[in-house]
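Have a look at the structure below, then the notes.
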Amino acid sequence: MALYSDSVAVKVQVGIPPAQDGFVFVLARIGKGPVMPLATTGVGIFQADLKVGKEVTRGPQTVCLIAYLTDKNDRDKQRVAELEKSMSEKPYEYNPTLHAGKNRADLKLTVLEANPR
């Protein structure tokens, strides 16, 4: 559970094959909020503090997480835009051209009013 304007700490572990060539990035999104990148904090460990902003409505929300692989150490803006679109689709449709995970992790979050009356 979280209040408006709170931050939600998200930490994930992604299984990465030992001989994997490339860089892994993980993206997260609360409801219809902005897509946020998670920072690498160790081998296969990613984390971020996601802000519960005004674009997130009160009540049950879904935190979507998706990982993708790229051959360069920077985020490809076109791929991120396509992944952002796929993060809002229900059900998630795997697209092998994006080099993203076959599954999207969806976590449940309840957003409460900051000043309940």
Side-chain angles (χ1 to χ4, degrees):
M1 290 195 293
L3 297 173
Y4 282 120
S5 75
D6 277 354
S7 291
V8 177
V10 175
K11 186 174 185 178
V12 296
Q13 182 173 5
V14 177
I16 301 171
Q20 186 61 53
D21 244 358
F23 299 92
V24 175
F25 290 98
V26 179
L27 302 174
R29 179 184 209 173
I30 300 176
K32 296 191 182 297
V35 173
M36 301 294 297
L38 277 69
T40 305
T41 58
V43 178
I45 309 279
F46 300 85
Q47 71 180 28
D49 289 330
L50 305 178
K51 182 85 167 167
V52 181
K54 58 185 170 189
E55 64 280 336
V56 178
T57 59
R58 180 177 48 109
Q61 293 293 325
T62 301
V63 179
C64 296
L65 297 162
I66 193 163
Y68 72 96
L69 178 69
T70 184
D71 57 355
K72 49 190 173 187
N73 194 9
D74 63 347
R75 288 186 285 286
D76 180 347
K77 290 180 183 176
Q78 179 181 357
R79 185 179 295 163
V80 169
E82 291 176 24
L83 286 168
E84 182 174 344
K85 181 182 173 211
S86 74
M87 290 175 86
S88 61
E89 293 175 355
K90 302 274 184 195
Y92 170 68
E93 290 188 27
Y94 172 64
N95 180 350
T97 62
L98 295 177
H99 298 274
K102 288 189 178 184
N103 297 305
R104 173 184 72 193
D106 289 339
L107 308 173
K108 298 300 177 190
L109 174 71
T110 302
V111 177
L112 305 173
E113 287 186 48
N115 295 320
R117 294 177 190 220

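Values in this document were obtained by computation on a predicted structure and should not be read as measured data.
With values rounded to the nearest 0.5 angstrom, L65 atom CG is found 11.5 Å from F46 atom CZ. Note that the CG atom of L109 and the CD1 atom of I30 stand 5.5 Å from one another [nearest 0.5 Å]. Annotation: the span from K11 atom NZ to T41 atom OG1 amounts to 5.5 Å, rounded to 0.5 Å.
Residues P37 and L27 share a closest heavy-atom pair of CA-CD2, 3.9 Å. The nearest pair of heavy atoms linking V24 to A67 is CG1-CB, 4.4 Å. Of all the heavy atoms in K51 and S7, the pair that sits closest is CD-OG, 4.1 Å.
Under the 4.5 Å side-chain heavy-atom criterion for Ile, Leu, Val, Met, Phe, Trp and Tyr, I45 and V10 are members of distinct hydrophobic clusters.
Put simply, the side chain of V8 does not reach to within 4.5 Å of the side chain of V63, judged on heavy atoms.
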Inset, instruction - Evaluate the side chain to side chain contact (heavy atoms under 4.5 Å, CB included) criterion for residues K108 and T62: first the C-alpha distance (whole Å), next the side-chain angles of each, then the deciding distance (0.1 Å), finally the verdict. - result: CA-CA 5 Å; K108 298 300 177 190; T62 301; 3.5 Å; yes
